[in-house]
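The block underneath contains the structure these notes are about, expressed in C-alpha coordinates.
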Amino acid sequence: MPRSRPASAHAIGTRYDRLLHVWPEGWSALAAVCVFAAVYVIAHMLVRLPFTDVIAVDWVGETVYAQTIDWGQTPKYPPLPAWLLWAVHQVTGPGALSTLIVKYAALWGAFVACFLAARRVLKHDGWAVLATLSVLLLFQVAWNAHEGVTHTIFLTLAAPLTLLAVLRAEAHNDLLSYAGLGVAIAIGALAKQAYFAGFAALVLAMLVQPGFRRVLINPRIIGTLLVAAALAVPHYYWAFTSGFDFSRAASSTLARPELGGVAIQILSGLWSSIRAPLLFLMPLLPVLLLIFPQAFRPSNILHPGGHGAAGADPVRLVRDATLAGIVVLAIPVLVAGVAHYGERWMHPLMLWAPIYFVAMVRAVRPSARRLSLFMGVVLAVTLLALGWRLAGFVAPSKITCGKCRLAEPYAALADGLAEMEFAGGTVLAGDEHIAGNLRTHFPDARVVALNYGYYDPPQQPDRAAGQCLVVWRSGAREGTAVIPPAALAYAGVTGLPEGALVQAFRLPKLRASGPEASSRFAAVLMPAAGRCR
(Lines give C-alpha, C1' and ligand atoms only; values in the text may rest on other atoms or scores of the structure.)
Protein backbone atom coordinates (compact mmCIF):
# COMPACT_ATOMS: atom_id res chain seq x y z
CA MET A 1 0.00 0.00 0.00
CA PRO A 2 1.58 3.34 -1.00
CA ARG A 3 2.67 5.68 1.74
CA SER A 4 0.81 8.97 1.68
CA ARG A 5 3.49 10.98 3.46
CA PRO A 6 7.09 10.57 4.63
CA ALA A 7 6.12 10.61 8.29
CA SER A 8 4.68 7.11 7.89
CA ALA A 9 8.23 5.80 8.01
CA HIS A 10 8.07 6.13 11.77
CA ALA A 11 5.90 3.03 11.67
CA ILE A 12 9.13 1.06 11.29
CA GLY A 13 9.34 -0.25 14.81
CA THR A 14 12.11 -0.81 17.28
CA ARG A 15 11.71 -4.57 16.95
CA TYR A 16 12.59 -4.46 13.28
CA ASP A 17 15.57 -2.16 13.77
CA ARG A 18 17.01 -4.74 16.17
CA LEU A 19 18.04 -6.63 13.04
CA LEU A 20 20.99 -4.28 12.88
CA HIS A 21 21.71 -4.14 16.59
CA VAL A 22 24.70 -6.35 15.91
CA TRP A 23 26.42 -3.00 15.56
CA PRO A 24 27.17 -0.96 18.69
CA GLU A 25 25.44 2.34 19.26
CA GLY A 26 26.44 5.88 20.14
CA TRP A 27 30.13 6.55 20.66
CA SER A 28 30.85 2.84 20.37
CA ALA A 29 29.36 2.81 16.86
CA LEU A 30 31.57 5.73 15.85
CA ALA A 31 34.60 4.01 17.33
CA ALA A 32 33.75 0.81 15.45
CA VAL A 33 33.50 2.69 12.14
CA CYS A 34 36.79 4.46 12.84
CA VAL A 35 38.50 1.14 13.54
CA PHE A 36 36.97 -0.57 10.49
CA ALA A 37 37.99 2.31 8.22
CA ALA A 38 41.50 2.23 9.68
CA VAL A 39 41.80 -1.53 9.08
CA TYR A 40 40.55 -1.07 5.52
CA VAL A 41 43.01 1.68 4.55
CA ILE A 42 45.95 0.06 6.37
CA ALA A 43 45.25 -3.22 4.55
CA HIS A 44 45.49 -1.43 1.20
CA MET A 45 48.67 0.34 2.30
CA LEU A 46 50.25 -2.95 3.36
CA VAL A 47 49.31 -4.56 0.05
CA ARG A 48 51.11 -1.73 -1.73
CA LEU A 49 54.18 -0.72 0.27
CA PRO A 50 56.21 -3.98 0.46
CA PHE A 51 56.24 -4.43 -3.31
CA THR A 52 57.12 -1.05 -4.81
CA ASP A 53 58.24 2.40 -3.80
CA VAL A 54 57.06 3.88 -7.09
CA ILE A 55 54.64 6.79 -6.73
CA ALA A 56 51.21 6.09 -8.19
CA VAL A 57 49.84 7.68 -11.34
CA ASP A 58 48.23 10.96 -10.29
CA TRP A 59 50.42 11.57 -7.26
CA VAL A 60 53.60 12.13 -9.26
CA GLY A 61 52.46 15.62 -10.19
CA GLU A 62 51.56 16.47 -6.60
CA THR A 63 55.00 15.26 -5.49
CA VAL A 64 56.55 17.72 -7.93
CA TYR A 65 54.24 20.53 -6.76
CA ALA A 66 54.97 19.78 -3.10
CA GLN A 67 58.47 21.23 -3.45
CA THR A 68 56.93 24.55 -2.38
CA ILE A 69 53.91 25.76 -0.44
CA ASP A 70 52.04 28.34 -2.53
CA TRP A 71 48.48 29.53 -3.14
CA GLY A 72 48.65 27.52 -6.33
CA GLN A 73 51.01 25.45 -8.45
CA THR A 74 48.78 25.03 -11.50
CA PRO A 75 45.60 26.96 -12.27
CA LYS A 76 43.98 23.79 -13.58
CA TYR A 77 43.63 22.16 -10.15
CA PRO A 78 43.40 23.49 -6.57
CA PRO A 79 46.37 22.91 -4.25
CA LEU A 80 44.94 20.98 -1.27
CA PRO A 81 46.66 17.63 -2.08
CA ALA A 82 50.00 19.36 -2.67
CA TRP A 83 49.66 21.36 0.58
CA LEU A 84 49.02 18.25 2.65
CA LEU A 85 51.76 16.33 0.86
CA TRP A 86 54.21 19.17 1.55
CA ALA A 87 53.32 18.98 5.26
CA VAL A 88 53.87 15.22 5.37
CA HIS A 89 57.16 15.60 3.47
CA GLN A 90 58.49 17.68 6.34
CA VAL A 91 58.28 14.53 8.48
CA THR A 92 58.71 11.58 6.12
CA GLY A 93 60.41 13.11 3.09
CA PRO A 94 59.03 12.55 -0.43
CA GLY A 95 58.14 9.00 -1.37
CA ALA A 96 55.39 6.45 -1.78
CA LEU A 97 54.70 6.37 1.96
CA SER A 98 53.95 10.10 2.09
CA THR A 99 51.45 9.88 -0.77
CA LEU A 100 49.70 6.91 0.84
CA ILE A 101 49.47 8.71 4.19
CA VAL A 102 47.74 11.69 2.58
CA LYS A 103 45.47 9.61 0.35
CA TYR A 104 44.34 7.14 2.98
CA ALA A 105 43.90 9.76 5.67
CA ALA A 106 41.41 11.44 3.32
CA LEU A 107 39.69 8.13 2.54
CA TRP A 108 39.51 7.23 6.23
CA GLY A 109 37.94 10.62 6.93
CA ALA A 110 35.46 10.07 4.09
CA PHE A 111 34.17 6.84 5.69
CA VAL A 112 33.82 8.50 9.09
CA ALA A 113 32.08 11.57 7.62
CA CYS A 114 29.75 9.31 5.64
CA PHE A 115 28.77 7.44 8.80
CA LEU A 116 28.16 10.64 10.77
CA ALA A 117 26.06 12.10 7.95
CA ALA A 118 24.12 8.85 7.48
CA ARG A 119 23.42 8.64 11.22
CA ARG A 120 21.83 12.09 11.12
CA VAL A 121 19.78 11.12 8.07
CA LEU A 122 18.66 7.66 9.19
CA LYS A 123 18.56 8.26 12.97
CA HIS A 124 19.92 4.77 13.61
CA ASP A 125 23.51 3.65 14.06
CA GLY A 126 23.08 0.21 12.48
CA TRP A 127 21.52 1.54 9.30
CA ALA A 128 24.13 4.29 9.16
CA VAL A 129 26.86 1.64 9.27
CA LEU A 130 25.12 -0.23 6.45
CA ALA A 131 24.99 2.98 4.39
CA THR A 132 28.69 3.57 5.01
CA LEU A 133 29.70 0.04 4.03
CA SER A 134 27.56 0.20 0.89
CA VAL A 135 29.98 2.81 -0.44
CA LEU A 136 32.41 -0.09 -0.91
CA LEU A 137 30.18 -1.27 -3.76
CA LEU A 138 30.99 1.86 -5.77
CA PHE A 139 33.73 1.04 -8.28
CA GLN A 140 35.17 4.54 -8.04
CA VAL A 141 35.71 4.06 -4.29
CA ALA A 142 36.38 0.32 -4.05
CA TRP A 143 38.93 0.28 -6.87
CA ASN A 144 39.72 3.56 -8.57
CA ALA A 145 40.41 5.42 -5.33
CA HIS A 146 43.35 3.08 -4.74
CA GLU A 147 44.77 3.24 -8.23
CA GLY A 148 45.65 6.87 -8.64
CA VAL A 149 43.14 9.65 -7.93
CA THR A 150 44.42 12.68 -6.04
CA HIS A 151 42.02 15.63 -6.02
CA THR A 152 39.05 13.30 -6.36
CA ILE A 153 39.90 11.52 -3.11
CA PHE A 154 39.31 14.82 -1.33
CA LEU A 155 35.94 15.16 -3.09
CA THR A 156 35.16 11.75 -1.56
CA LEU A 157 35.77 13.41 1.80
CA ALA A 158 34.18 16.80 1.02
CA ALA A 159 30.81 15.48 -0.20
CA PRO A 160 29.68 13.68 3.00
CA LEU A 161 31.42 16.32 5.11
CA THR A 162 29.33 19.05 3.49
CA LEU A 163 26.11 17.08 3.98
CA LEU A 164 27.04 16.50 7.62
CA ALA A 165 27.76 20.21 8.11
CA VAL A 166 24.39 21.21 6.60
CA LEU A 167 22.54 18.77 8.85
CA ARG A 168 24.41 20.05 11.91
CA ALA A 169 23.64 23.66 11.03
CA GLU A 170 19.94 22.85 10.68
CA ALA A 171 19.86 20.94 13.96
CA HIS A 172 22.01 23.17 16.18
CA ASN A 173 21.62 26.61 14.59
CA ASP A 174 24.81 27.91 16.19
CA LEU A 175 27.77 29.85 14.87
CA LEU A 176 30.17 26.93 15.33
CA SER A 177 28.06 24.70 13.05
CA TYR A 178 27.91 27.40 10.39
CA ALA A 179 31.67 27.90 10.62
CA GLY A 180 32.07 24.14 10.19
CA LEU A 181 30.00 24.36 7.01
CA GLY A 182 32.42 27.01 5.77
CA VAL A 183 35.37 24.70 6.43
CA ALA A 184 33.64 21.85 4.55
CA ILE A 185 32.99 24.14 1.58
CA ALA A 186 36.61 25.29 1.59
CA ILE A 187 37.87 21.69 1.62
CA GLY A 188 35.74 20.91 -1.41
CA ALA A 189 36.70 24.12 -3.21
CA LEU A 190 40.41 23.48 -2.61
CA ALA A 191 40.08 19.84 -3.68
CA LYS A 192 38.60 20.17 -7.17
CA GLN A 193 36.37 22.60 -9.03
CA ALA A 194 33.81 19.83 -9.64
CA TYR A 195 32.85 20.23 -5.99
CA PHE A 196 30.78 23.30 -6.87
CA ALA A 197 28.46 21.18 -9.01
CA GLY A 198 27.68 18.93 -6.06
CA PHE A 199 27.28 21.90 -3.73
CA ALA A 200 24.86 23.51 -6.20
CA ALA A 201 22.78 20.31 -6.21
CA LEU A 202 22.69 20.30 -2.41
CA VAL A 203 21.61 23.95 -2.31
CA LEU A 204 18.80 23.23 -4.79
CA ALA A 205 17.62 20.40 -2.55
CA MET A 206 17.74 22.69 0.50
CA LEU A 207 15.59 25.30 -1.22
CA VAL A 208 12.73 22.80 -1.57
CA GLN A 209 12.24 22.38 2.20
CA PRO A 210 11.42 25.24 4.61
CA GLY A 211 13.62 23.84 7.38
CA PHE A 212 16.71 23.80 5.18
CA ARG A 213 15.84 27.07 3.47
CA ARG A 214 16.15 28.64 6.91
CA VAL A 215 19.77 27.49 7.01
CA LEU A 216 20.49 29.45 3.85
CA ILE A 217 18.79 32.67 4.96
CA ASN A 218 20.06 32.57 8.55
CA PRO A 219 22.36 35.56 9.34
CA ARG A 220 24.94 33.05 10.59
CA ILE A 221 25.46 31.98 6.97
CA ILE A 222 27.66 35.07 6.71
CA GLY A 223 30.08 33.28 9.02
CA THR A 224 30.03 30.32 6.64
CA LEU A 225 30.86 32.52 3.68
CA LEU A 226 33.65 34.35 5.53
CA VAL A 227 35.33 31.13 6.64
CA ALA A 228 35.07 29.56 3.17
CA ALA A 229 36.33 32.75 1.51
CA ALA A 230 39.27 33.17 3.89
CA LEU A 231 40.46 29.64 3.12
CA ALA A 232 39.70 29.29 -0.60
CA VAL A 233 39.57 32.75 -2.24
CA PRO A 234 43.36 33.38 -2.23
CA HIS A 235 43.92 30.34 -4.43
CA TYR A 236 41.11 31.22 -6.82
CA TYR A 237 42.32 34.81 -7.07
CA TRP A 238 45.76 33.47 -8.00
CA ALA A 239 44.26 31.03 -10.52
CA PHE A 240 42.00 33.54 -12.28
CA THR A 241 44.77 36.12 -12.55
CA SER A 242 47.30 33.63 -13.95
CA GLY A 243 46.19 33.98 -17.55
CA PHE A 244 45.10 30.35 -17.77
CA ASP A 245 42.38 29.69 -20.36
CA PHE A 246 39.79 27.85 -18.25
CA SER A 247 37.16 27.80 -21.01
CA ARG A 248 39.56 26.13 -23.43
CA ALA A 249 40.61 23.57 -20.82
CA ALA A 250 36.98 22.77 -20.02
CA SER A 251 36.10 22.52 -23.69
CA SER A 252 38.94 20.09 -24.38
CA THR A 253 37.64 17.86 -21.56
CA LEU A 254 33.88 18.13 -22.00
CA ALA A 255 33.36 18.74 -25.73
CA ARG A 256 33.05 16.10 -28.44
CA PRO A 257 33.47 18.01 -31.74
CA GLU A 258 33.75 14.75 -33.69
CA LEU A 259 30.05 14.11 -33.05
CA GLY A 260 29.02 16.67 -35.63
CA GLY A 261 26.13 19.11 -35.23
CA VAL A 262 24.99 20.97 -32.13
CA ALA A 263 21.83 18.89 -31.79
CA ILE A 264 23.81 15.63 -31.71
CA GLN A 265 26.20 17.04 -29.14
CA ILE A 266 23.32 18.15 -26.92
CA LEU A 267 21.70 14.71 -27.16
CA SER A 268 25.04 13.13 -26.32
CA GLY A 269 25.43 15.46 -23.34
CA LEU A 270 21.93 14.76 -22.01
CA TRP A 271 22.50 11.04 -22.31
CA SER A 272 25.87 11.42 -20.60
CA SER A 273 24.27 13.37 -17.72
CA ILE A 274 22.20 10.25 -16.98
CA ARG A 275 24.72 7.60 -17.99
CA ALA A 276 27.62 8.94 -15.92
CA PRO A 277 25.71 8.96 -12.59
CA LEU A 278 24.37 5.47 -13.27
CA LEU A 279 27.85 4.14 -14.03
CA PHE A 280 29.17 5.80 -10.89
CA LEU A 281 26.62 3.83 -8.85
CA MET A 282 27.87 0.49 -10.20
CA PRO A 283 27.80 -2.21 -9.00
CA LEU A 284 25.88 -0.98 -5.93
CA LEU A 285 22.66 -0.21 -7.79
CA PRO A 286 22.18 -3.62 -9.51
CA VAL A 287 23.17 -5.44 -6.31
CA LEU A 288 20.47 -3.60 -4.39
CA LEU A 289 17.95 -4.23 -7.16
CA LEU A 290 18.66 -7.96 -7.05
CA ILE A 291 18.64 -8.36 -3.27
CA PHE A 292 15.97 -5.78 -2.34
CA PRO A 293 13.70 -5.45 -5.40
CA GLN A 294 10.75 -4.19 -3.31
CA ALA A 295 12.78 -1.17 -2.24
CA PHE A 296 12.57 0.14 -5.80
CA ARG A 297 8.80 0.26 -6.04
CA PRO A 298 7.75 3.72 -7.31
CA SER A 299 5.92 4.56 -4.09
CA ASN A 300 8.95 3.69 -2.00
CA ILE A 301 11.31 5.64 -4.23
CA LEU A 302 9.17 8.74 -3.74
CA HIS A 303 8.61 8.26 0.01
CA PRO A 304 11.30 6.13 1.62
CA GLY A 305 10.60 7.74 4.97
CA GLY A 306 11.75 10.85 6.77
CA HIS A 307 13.30 10.98 10.21
CA GLY A 308 13.57 14.71 10.84
CA ALA A 309 11.44 17.57 12.07
CA ALA A 310 8.58 18.91 10.00
CA GLY A 311 9.90 20.94 7.12
CA ALA A 312 13.41 19.49 7.40
CA ASP A 313 13.33 15.88 6.24
CA PRO A 314 16.96 14.70 5.81
CA VAL A 315 16.00 11.62 3.76
CA ARG A 316 14.16 13.82 1.32
CA LEU A 317 17.13 16.21 1.28
CA VAL A 318 19.49 13.42 0.22
CA ARG A 319 17.00 12.16 -2.38
CA ASP A 320 16.47 15.63 -3.85
CA ALA A 321 20.20 16.40 -3.86
CA THR A 322 20.86 13.19 -5.79
CA LEU A 323 18.18 14.01 -8.36
CA ALA A 324 19.27 17.63 -8.53
CA GLY A 325 22.72 16.39 -9.46
CA ILE A 326 21.34 15.20 -12.80
CA VAL A 327 19.72 18.61 -13.34
CA VAL A 328 23.02 20.34 -12.55
CA LEU A 329 24.70 18.16 -15.18
CA ALA A 330 22.04 18.89 -17.78
CA ILE A 331 22.24 22.69 -17.50
CA PRO A 332 25.75 23.04 -19.03
CA VAL A 333 24.65 20.69 -21.80
CA LEU A 334 21.79 23.00 -22.78
CA VAL A 335 23.63 26.27 -22.14
CA ALA A 336 27.21 25.56 -23.22
CA GLY A 337 26.91 22.44 -25.37
CA VAL A 338 28.77 20.10 -23.00
CA ALA A 339 28.74 16.70 -24.71
CA HIS A 340 30.46 14.37 -22.28
CA TYR A 341 30.73 13.54 -18.57
CA GLY A 342 32.88 10.82 -17.05
CA GLU A 343 31.60 8.65 -14.23
CA ARG A 344 34.84 9.30 -12.34
CA TRP A 345 33.72 12.95 -11.97
CA MET A 346 30.48 12.16 -10.16
CA HIS A 347 31.74 12.01 -6.55
CA PRO A 348 30.38 15.40 -5.44
CA LEU A 349 27.01 14.67 -7.07
CA MET A 350 26.30 11.00 -6.35
CA LEU A 351 28.22 10.07 -3.22
CA TRP A 352 25.15 10.75 -1.06
CA ALA A 353 23.03 8.27 -3.05
CA PRO A 354 23.98 5.19 -0.94
CA ILE A 355 22.41 6.83 2.12
CA TYR A 356 19.18 7.35 0.21
CA PHE A 357 19.25 3.78 -1.11
CA VAL A 358 19.63 2.41 2.42
CA ALA A 359 16.65 4.53 3.51
CA MET A 360 14.67 2.87 0.71
CA VAL A 361 15.82 -0.57 1.86
CA ARG A 362 14.94 0.17 5.46
CA ALA A 363 11.43 1.29 4.53
CA VAL A 364 10.49 -2.13 3.07
CA ARG A 365 11.63 -4.11 6.14
CA PRO A 366 13.90 -6.67 4.46
CA SER A 367 14.58 -9.99 6.11
CA ALA A 368 17.72 -10.64 8.11
CA ARG A 369 18.73 -13.17 5.45
CA ARG A 370 18.67 -10.55 2.71
CA LEU A 371 20.64 -8.11 4.85
CA SER A 372 23.22 -10.82 5.55
CA LEU A 373 23.42 -11.59 1.83
CA PHE A 374 24.04 -7.92 1.06
CA MET A 375 26.80 -7.70 3.67
CA GLY A 376 28.32 -10.88 2.23
CA VAL A 377 28.46 -9.27 -1.21
CA VAL A 378 30.14 -6.16 0.27
CA LEU A 379 32.73 -8.33 2.01
CA ALA A 380 33.35 -10.45 -1.09
CA VAL A 381 33.82 -7.43 -3.38
CA THR A 382 36.12 -5.77 -0.85
CA LEU A 383 38.33 -8.85 -0.54
CA LEU A 384 38.30 -9.38 -4.32
CA ALA A 385 39.53 -5.81 -4.92
CA LEU A 386 42.25 -6.24 -2.30
CA GLY A 387 43.33 -9.57 -3.78
CA TRP A 388 43.36 -8.25 -7.35
CA ARG A 389 45.57 -5.34 -6.33
CA LEU A 390 47.92 -7.78 -4.62
CA ALA A 391 48.09 -9.83 -7.83
CA GLY A 392 49.03 -6.69 -9.74
CA PHE A 393 52.06 -6.20 -7.51
CA VAL A 394 53.12 -9.85 -7.25
CA ALA A 395 52.70 -10.65 -10.97
CA PRO A 396 52.36 -7.44 -13.04
CA SER A 397 50.71 -7.93 -16.42
CA LYS A 398 48.17 -6.26 -18.68
CA ILE A 399 45.51 -8.41 -17.03
CA THR A 400 46.38 -7.68 -13.41
CA CYS A 401 47.49 -4.06 -13.58
CA GLY A 402 47.03 -2.67 -17.11
CA LYS A 403 49.90 -0.27 -17.86
CA CYS A 404 51.60 -1.35 -14.62
CA ARG A 405 53.19 2.04 -13.99
CA LEU A 406 54.00 0.96 -10.44
CA ALA A 407 56.42 -1.62 -11.89
CA GLU A 408 58.64 1.03 -13.51
CA PRO A 409 62.31 0.71 -12.43
CA TYR A 410 62.82 4.22 -11.06
CA ALA A 411 64.98 3.00 -8.17
CA ALA A 412 67.38 1.35 -10.61
CA LEU A 413 67.33 4.49 -12.74
CA ALA A 414 68.22 6.60 -9.70
CA ASP A 415 71.13 4.25 -8.92
CA GLY A 416 72.40 4.68 -12.48
CA LEU A 417 72.13 8.46 -12.26
CA ALA A 418 74.04 8.41 -8.97
CA GLU A 419 76.80 6.44 -10.71
CA MET A 420 77.00 9.29 -13.22
CA GLU A 421 78.06 11.32 -10.16
CA PHE A 422 75.04 13.58 -10.01
CA ALA A 423 75.70 15.37 -6.74
CA GLY A 424 72.81 17.83 -6.72
CA GLY A 425 71.29 20.74 -8.56
CA THR A 426 68.34 20.63 -10.95
CA VAL A 427 66.73 17.59 -12.56
CA LEU A 428 64.92 18.29 -15.85
CA ALA A 429 62.54 15.36 -16.36
CA GLY A 430 60.87 14.55 -19.64
CA ASP A 431 57.54 13.81 -17.97
CA GLU A 432 55.87 14.06 -14.58
CA HIS A 433 56.29 10.35 -13.81
CA ILE A 434 60.08 10.59 -14.06
CA ALA A 435 60.05 13.90 -12.17
CA GLY A 436 57.91 12.77 -9.24
CA ASN A 437 59.73 9.49 -8.77
CA LEU A 438 63.23 10.90 -9.09
CA ARG A 439 62.36 13.47 -6.48
CA THR A 440 61.92 10.64 -3.98
CA HIS A 441 65.49 9.49 -4.69
CA PHE A 442 67.04 12.96 -4.87
CA PRO A 443 65.02 14.87 -2.24
CA ASP A 444 67.52 17.74 -2.05
CA ALA A 445 67.51 18.37 -5.80
CA ARG A 446 65.28 20.86 -7.56
CA VAL A 447 63.03 18.85 -9.89
CA VAL A 448 61.31 20.28 -12.97
CA ALA A 449 58.79 18.37 -15.12
CA LEU A 450 59.28 19.77 -18.63
CA ASN A 451 55.65 19.10 -19.54
CA TYR A 452 54.37 21.07 -16.52
CA GLY A 453 54.71 24.56 -17.90
CA TYR A 454 52.95 26.40 -15.09
CA TYR A 455 55.11 25.14 -12.25
CA ASP A 456 58.76 26.15 -12.07
CA PRO A 457 60.13 25.61 -8.56
CA PRO A 458 62.26 28.56 -7.49
CA GLN A 459 66.00 28.30 -7.28
CA GLN A 460 67.37 28.34 -3.78
CA PRO A 461 69.64 31.39 -3.44
CA ASP A 462 71.29 30.06 -0.29
CA ARG A 463 72.79 27.13 -2.19
CA ALA A 464 75.66 27.13 -4.63
CA ALA A 465 74.88 26.32 -8.25
CA GLY A 466 74.69 22.58 -8.78
CA GLN A 467 74.64 20.38 -11.85
CA CYS A 468 72.04 20.11 -14.58
CA LEU A 469 70.68 16.60 -15.08
CA VAL A 470 68.28 15.89 -17.96
CA VAL A 471 66.39 12.57 -17.92
CA TRP A 472 63.84 11.37 -20.47
CA ARG A 473 62.37 8.21 -21.94
CA SER A 474 64.25 6.79 -24.90
CA GLY A 475 62.49 4.53 -27.37
CA ALA A 476 64.32 1.68 -29.10
CA ARG A 477 64.75 3.73 -32.31
CA GLU A 478 65.65 7.03 -30.70
CA GLY A 479 69.18 8.32 -30.44
CA THR A 480 69.88 8.64 -26.77
CA ALA A 481 71.90 11.82 -27.26
CA VAL A 482 68.92 13.65 -28.77
CA ILE A 483 68.17 15.77 -25.74
CA PRO A 484 64.59 17.14 -25.59
CA PRO A 485 64.43 20.65 -27.10
CA ALA A 486 62.50 21.89 -24.05
CA ALA A 487 65.45 20.92 -21.85
CA LEU A 488 67.89 22.82 -24.05
CA ALA A 489 65.66 25.87 -23.97
CA TYR A 490 65.34 25.67 -20.19
CA ALA A 491 69.10 25.42 -19.78
CA GLY A 492 69.68 28.20 -22.32
CA VAL A 493 71.92 26.14 -24.59
CA THR A 494 71.63 25.10 -28.23
CA GLY A 495 73.39 21.76 -27.97
CA LEU A 496 75.29 19.49 -25.65
CA PRO A 497 77.97 21.57 -23.90
CA GLU A 498 81.54 20.41 -23.69
CA GLY A 499 82.08 17.93 -20.93
CA ALA A 500 78.48 16.70 -20.86
CA LEU A 501 78.09 13.05 -19.89
CA VAL A 502 75.54 11.02 -21.86
CA GLN A 503 74.16 7.71 -20.64
CA ALA A 504 71.49 5.30 -21.89
CA PHE A 505 69.60 2.90 -19.63
CA ARG A 506 67.62 -0.23 -20.38
CA LEU A 507 66.26 -1.43 -17.06
CA PRO A 508 64.04 -4.41 -16.17
CA LYS A 509 60.63 -3.60 -14.70
CA LEU A 510 59.77 -4.92 -11.27
CA ARG A 511 58.67 -8.58 -11.42
CA ALA A 512 57.52 -8.12 -15.03
CA SER A 513 57.95 -10.51 -17.93
CA GLY A 514 57.35 -10.52 -21.66
CA PRO A 515 58.36 -8.16 -24.50
CA GLU A 516 57.52 -5.02 -22.47
CA ALA A 517 59.39 -6.11 -19.35
CA SER A 518 62.00 -3.32 -19.56
CA SER A 519 62.04 0.46 -19.84
CA ARG A 520 64.46 2.69 -21.71
CA PHE A 521 65.74 6.00 -20.41
CA ALA A 522 68.45 8.43 -21.39
CA ALA A 523 70.26 11.06 -19.34
CA VAL A 524 72.63 13.94 -19.84
CA LEU A 525 74.67 15.35 -16.95
CA MET A 526 76.19 18.75 -17.61
CA PRO A 527 77.37 21.80 -15.69
CA ALA A 528 74.84 24.36 -14.50
CA ALA A 529 73.41 26.44 -17.32
CA GLY A 530 70.57 28.94 -17.67
CA ARG A 531 67.78 28.13 -15.25
CA CYS A 532 69.09 24.59 -14.79
CA ARG A 533 71.49 24.85 -11.88
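Quantities reported herein were computed from a predicted structural model and do not represent experimental measurements.
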- Item | Residues F244, F246; criterion ring-ring contact (aromatic ring centres under 6.0 Å, His included); working and verdict | CA-CA 6 Å; F244 184 76; F246 284 94; 4.9 Å; yes

Regarding [X] and [Y], do their side chains bring together a donor and an acceptor under 3.5 Å, going by distance alone?
| X | Y | answer |
| --- | --- | --- |
| N451 | E432 | yes |
| Y490 | D456 | yes |
| T68 | Y455 | yes |
| S98 | H89 | yes |

Between [X] (side chain) and [Y] (backbone), is there a donor-acceptor pair under 3.5 Å?
| X | Y | value |
| --- | --- | --- |
| S177 | N173 | no |
| N300 | F296 | no |
| D70 | Q73 | no |
| Q209 | D313 | yes |
| Q294 | P366 | no |
| T322 | M350 | no |
| K103 | T150 | no |
| T224 | Y178 | yes |
| R439 | T63 | yes |
| T241 | W238 | yes |

First locate atom [atom1] of [X], then atom [atom2] of [Y], and finally report the distance between them rounded to the nearest 0.5 Å.
| X | Y | atom1 | atom2 | result |
| --- | --- | --- | --- | --- |
| I153 | W59 | CD1 | CH2 | 8.0 Å |
| R297 | L302 | CZ | CG | 12.0 Å |
| L122 | R362 | CG | CZ | 6.5 Å |
| N144 | F139 | CG | CZ | 5.0 Å |
| L157 | L107 | CG | CG | 9.5 Å |

- Would you say I222 has more than 12 foreign heavy atoms packed within less than 6.0 Å of its CD1? no

- Does a side-chain N-to-carboxylate-O contact under 4.0 Å join E147 and R389? yes

- Derivation and outcome, ring-ring contact (aromatic ring centres under 6.0 Å, His included), residues F154 and H347: CA-CA 10 Å; F154 290 94; H347 293 71; over 10 Å; no

Residue pair [X] / [Y]: nearest heavy atoms and the distance that separates them:
| X | Y | answer |
| --- | --- | --- |
| V315 | A359 | CG1-CB, 3.9 Å |
| L428 | A487 | CD1-O, 3.8 Å |
| H151 | A191 | CD2-O, 2.9 Å |

- Message: Strictly by salt bridge (Lys or Arg N to Asp or Glu O under 4.0 Å), give each pair with a member in residues 127-143 just once, sequence neighbours left out.
- Response: none

- Item | Worked verdict on H433 versus V57 for side chain to side chain contact (heavy atoms under 4.5 Å, CB included) | CA-CA 7 Å; H433 297 281; V57 180; 4.2 Å; yes

- Query: Are the aromatic ring centres of H146 and Y40 under 6.0 angstrom apart?
  - Reply: yes

- Message: Less than 6.0 angstrom separating the ring centers of F292 and F357, yes or no?
- Response: no

- Task: Anything under 30° is parallel, anything over 60° is perpendicular, the rest tilted; go ahead and classify Y341 against W345.
- Result: perpendicular

